[in-house]
Amino acid sequence: MDHDQQTYAIIGAAMAAHRELGQGFLEAVYHAALELEFERHGIPFEREVELKIGYKGRVLSVTYRADFICFGGIIVELKALDKLTAREVAQMINYLKATGMQRGLLLNFGAKSLECRRLVRHFQEGT
């Protein structure tokens, strides 16, 4: 499946969950609903994935936890906020940098319409 088709499939599943639930629920409700939508749409996923952080060739004792990893390489983070801010975007950038993954989706269910931010990290020497 093409990379854009993968992110579109994830966004489509999120739109279905948001259409059904609307705004106002806790993040955990959207997690559970999105898991069902991923299954329904045949989207491979892992939930609550521990992300290890490397530092100077070693793995640190602290970790991040991603809401979902889809298609084996797309980090999906859910929020239930009035709107996404630079803080959530920075968090996703850190997840991508820590894991070496290139693609991430921020999905905000807290607004009247589903808010989606697609982030793509381009690697440079030494990053």
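For this chain, numbers begin at 1 and follow the sequence in order.
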Evaluate the side chain to side chain contact (heavy atoms under 4.5 Å, CB included) criterion for residues Leu84 and Val89: first the C-alpha distance (whole Å), next the side-chain angles of each, then the deciding distance (0.1 Å), finally the verdict.
-> CA-CA 8 Å; Leu84 292 174; Val89 173; 5.6 Å; no

Atom CE of Met92 and atom CE of Met101: how far apart are they, to the nearest 0.5 Å?
-> 10.5 Å

Could you walk me through whether Glu27 and Lys79 pass the salt bridge (charged side-chain N to carboxylate O under 4.0 Å, His left out) test, one step at a time?
-> CA-CA 6 Å; Glu27 200 174 295; Lys79 302 295 178 192; 5.0 Å; no

Can you tell if the side chain of Ile74 reaches within under 4.5 Å of the side chain of Gln6, non-hydrogen atoms only?
-> yes

Carefully, step by step, assess Lys112 and Asp82 under the rule salt bridge (charged side-chain N to carboxylate O under 4.0 Å, His left out).
-> CA-CA 9 Å; Lys112 186 174 182 179; Asp82 290 334; over 6 Å; no

Any donor and acceptor pair, going by atom type alone, linking the side chain of Glu46 with main-chain N or O of Phe68 inside 3.5 Å?
-> no

Can you find a heavy atom in the side chain of Val59 that is under 4.5 Å from one in the side chain of Ile53?
-> no

Would you say Tyr55 and Tyr95 are hydrophobically clustered, going by side-chain heavy atoms of ILVMFWY under 4.5 Å?
-> yes

Short side-chain to backbone donor-acceptor contact, Glu88 and Thr85, under 3.5 Å = yes

Same apolar cluster (I L V M F W Y, side chains within < 4.5 Å links), Val49/Val62 | yes

Hydrophobic cluster identity match, Ile11 and Leu36, side-chain contacts under 4.5 Å = no

Is the shortest heavy-atom distance from the side chain of Ile10 to the side chain of Leu105 under 4.5 Å?
-> yes

Would a 4.5 Å heavy-atom cut-off, applied to side chains only, mark Phe45 and Glu39 as touching?
-> yes

Could you tell me which non-hydrogen atom of Gln23 sits nearest to which non-hydrogen atom of Ala111, and how far apart they are?
-> CB-O, 3.5 Å

In Å and rounded to the nearest 0.5 Å, what is the OG to CE distance from Ser113 to Met15?
-> 8.5 Å

How close do Ile75 and Ala66 get, heavy atom to heavy atom, and via which atoms?
-> CG2-CB, 4.0 Å

Check Lys52 against Thr63 and note the closest heavy-atom contact, atom names and distance.
-> CA-CG2, 4.4 Å

Is it true that a side-chain atom of Arg65 and a backbone atom of Glu48 form a donor plus acceptor pair closer than 3.5 Å?
-> yes

Is the gap between the ring centers of Phe25 and Phe109 under 6.0 Å?
-> no

Heavy-atom pair of closest approach, residues Asn108 and Lys83 = ND2-CA, 3.6 Å

Nearest heavy-atom approach of Tyr30 to Gly22 is OH-O, 2.7 Å

With rounding to the nearest 0.5 Å, note down the distance linking CZ in Arg19 to CG in Leu114.
-> 10.0 Å

Would you mind reporting whether Leu107 and Leu34 have side-chain heavy atoms less than 4.5 Å apart?
-> yes

Side chain to side chain contact (heavy atoms under 4.5 Å, CB included) between Thr7 and Arg103: does it pass, once the steps are laid out?
-> CA-CA 9 Å; Thr7 56; Arg103 295 179 293 157; 4.0 Å; yes

Between Ala33 and Leu21, the two heavy atoms sitting closest are CB-CD1, 3.6 Å

Look at the side chain of His18 and the backbone N and O of Ala14, then say whether any donor-acceptor pair between them is shorter than 3.5 Å.
-> no

Donor-acceptor pair, side chain of Asp67 and main chain of Leu78, under 3.5 angstrom | yes

Val76 side chain near Ile69 side chain, heavy-atom distance below 4.5 Å = no

Does a side-chain heavy-atom distance below 4.5 Å link His31 with Arg47?
-> yes

